[in-house]
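Report on the structure given below.
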Amino acid sequence: MNDQMPIAAHSHVPVIRRLRRPELPVDTVELTRYLIGKTLVHDVREGRLSGRIVEAEAYPIGDAAAHAFRGPTVRNRSLFLDRGHAYVFFNYGVHWMMNVSSEKAGVGGGVLIRGLDPLEGIRQMEKNRSVSHLTDLTKGPGRLAMAMQIDKSLDGLDLCSLHSEFWLGTAAKPVGEIGITTRVGLSREAHRELRFYEQGNPFVSGPRKLLL
DNA sequence: AGTGCGATTGACT
DNA sequence: GTCAATCGCACTA
């Protein structure tokens with residue numbers, strides 16, 4: 001079973017429909033795996049920006065490395081919304097990054113989106129960043145946020161709303177084999193294998209587990 | 001009130 | 001390989 005939509009005949013643009021909340025697993029780790037290969041879309045004034053999610057990290061309940069670990073604050077409150085809402089935060093005083101909230105309302109959990117394989121709006125993404133290589137556009141959480149015009153104004157939006165400008169869609173094409181390894185850049189809980197990625201995809205950052 | 005540091009990136013030795 | 005940029009929050013006092 002999968003939820004791929006057929007590629008439209010005589011078209012090179014795949015049909016992508018909005019994911020509905022009941023389709024999302026109610027568990028941070030399961031949702032992280034589920035989101036690999038799905039589409040992240042931001043409809044902006046200049047047009048549609050979209051990409052395939054090819055790398056993501058789970059920050060589940062009880063994880064000391066998670067922003068939600070110490071309970072809700074003004075900054076992280078979006079992590080406590082029902083699964084499928086955007087949590088956008090500012091990191092290192094420099095970069096915006098986004099999570100998809102991942103548990104029931106009132107429970108904190110999130111999925112950090114770390115890599116996108118661009119689908120639509122590549123020209124606009126190139127304008128949003130000064131780029132020399134294609135992979136520099138959306139490889140890494142800070143880069144993809146800049147390319148996709150993701151900032152604080154999107155924090156708390158429902159990614160499953162029927163009319164949201166910022167939303168999750170079905171996969172544009174079948175997802176490749178999924179690898180699992182440790183998360184990037186953590187001091188606490190660094191050993192846990194909670195990073196999921198599409199193997200072989202050039203928009204995946206950080207170390208990858210070797211295939212044995 | 002002050003300090004340290006972080007789910008990163010880009011520039012530079 | 002090293003390191004600065006620069007904001008919010010946890011923690012100390």
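A, B, ... follow the sequence lines: proteins, then strands. Residue 1 opens every chain.
Nucleotides C:dG1 and B:dA7 have their C1' atoms positioned 23 Å apart, rounded to a whole Å. Using C1' as the reference atom, B:dG10 and C:dG8 are 22 Å apart when rounded to the nearest Å.
Ion pairing between A:Glu23 and A:Arg17 holds under the 4.0 Å rule for side-chain N and carboxylate O. Electrostatic pairing of A:Arg83 and A:Asp158 does not count as a salt bridge here, judged by no charged N lying under 4.0 Å from a carboxylate O. A:Glu198 and A:Arg52 are joined by a salt bridge, as a carboxylate oxygen and a charged side-chain nitrogen come within less than 4.0 angstrom of each other.
Judged by distance alone, the side chain of A:Thr135 and the main-chain N or O of A:Phe203 form no donor-acceptor pair under 3.5 Å.
Under 4.0 angstrom from either OP1 or OP2 of B:dT8 there lies at least one side-chain N or O belonging to A:Arg114. Residue A:Arg188 places none of its side-chain N or O atoms closer than 4.0 Å to OP1 or OP2 of B:dG6.
When the P atom of B:dG10 is taken as reference, atom NZ of A:Lys139 falls 12 Å away, rounded to whole Å. For the pair A:Phe69 CZ and B:dG6 C1', the computed distance is 16 Å after rounding to whole Å. In this structure, A:Leu144 places its CG atom 13 Å from C1' of B:dT9, rounding to the nearest Å. Computed from coordinates, the A:Asn91 CG to C:dC9 P distance equals 12 Å when rounded to whole Å. Distance A:Asn99 CG to B:dA7 C1': 8 Å, rounded to the nearest Å. Rounded to whole Å, the distance from CZ on A:Arg70 to C1' on B:dC5 is 12 Å. Here C:dG8 presents its C1' atom at 11 Å from CG of A:Asn76, a figure rounded to the nearest Å. Between A:Trp96 atom CH2 and B:dT9 atom C1' there is a gap of 16 Å when expressed in whole angstrom units.
Closest approach to the A:Phe90 side chain among B:dA7, C:dA10, C:dC7 is made by C:dC7 (side chain taken as heavy atoms from C-beta onward). If you check C:dA5, B:dA7, B:dG10 against the side chain of A:Arg129, the one that comes closest is B:dG10. Distance from the side chain of A:His95 is smallest to B:dT9 among B:dT9, C:dA10, B:dG6.
Across all strands shown, A:Tyr92 has heavy atoms under 4.0 Å from base atoms, whether or not it also approaches the sugar-phosphate. Looking at heavy-atom distances under 4.0 Å, A:Arg75 makes contact with sugar-phosphate atoms alone, never a base.
The nearest heavy atom of DNA chain B to A:Arg143 and to A:Ala65 marks one nucleotide each, and the one closer to the 5' end goes with A:Ala65.
Checking B:dA11 for Watson-Crick or G-U wobble geometry (two distances, each under 3.5 Å) identifies C:dT2 as its partner.
In this structure, OH on A:Tyr87 lies 11.5 Å from CE on A:Met98, to the nearest 0.5 angstrom.
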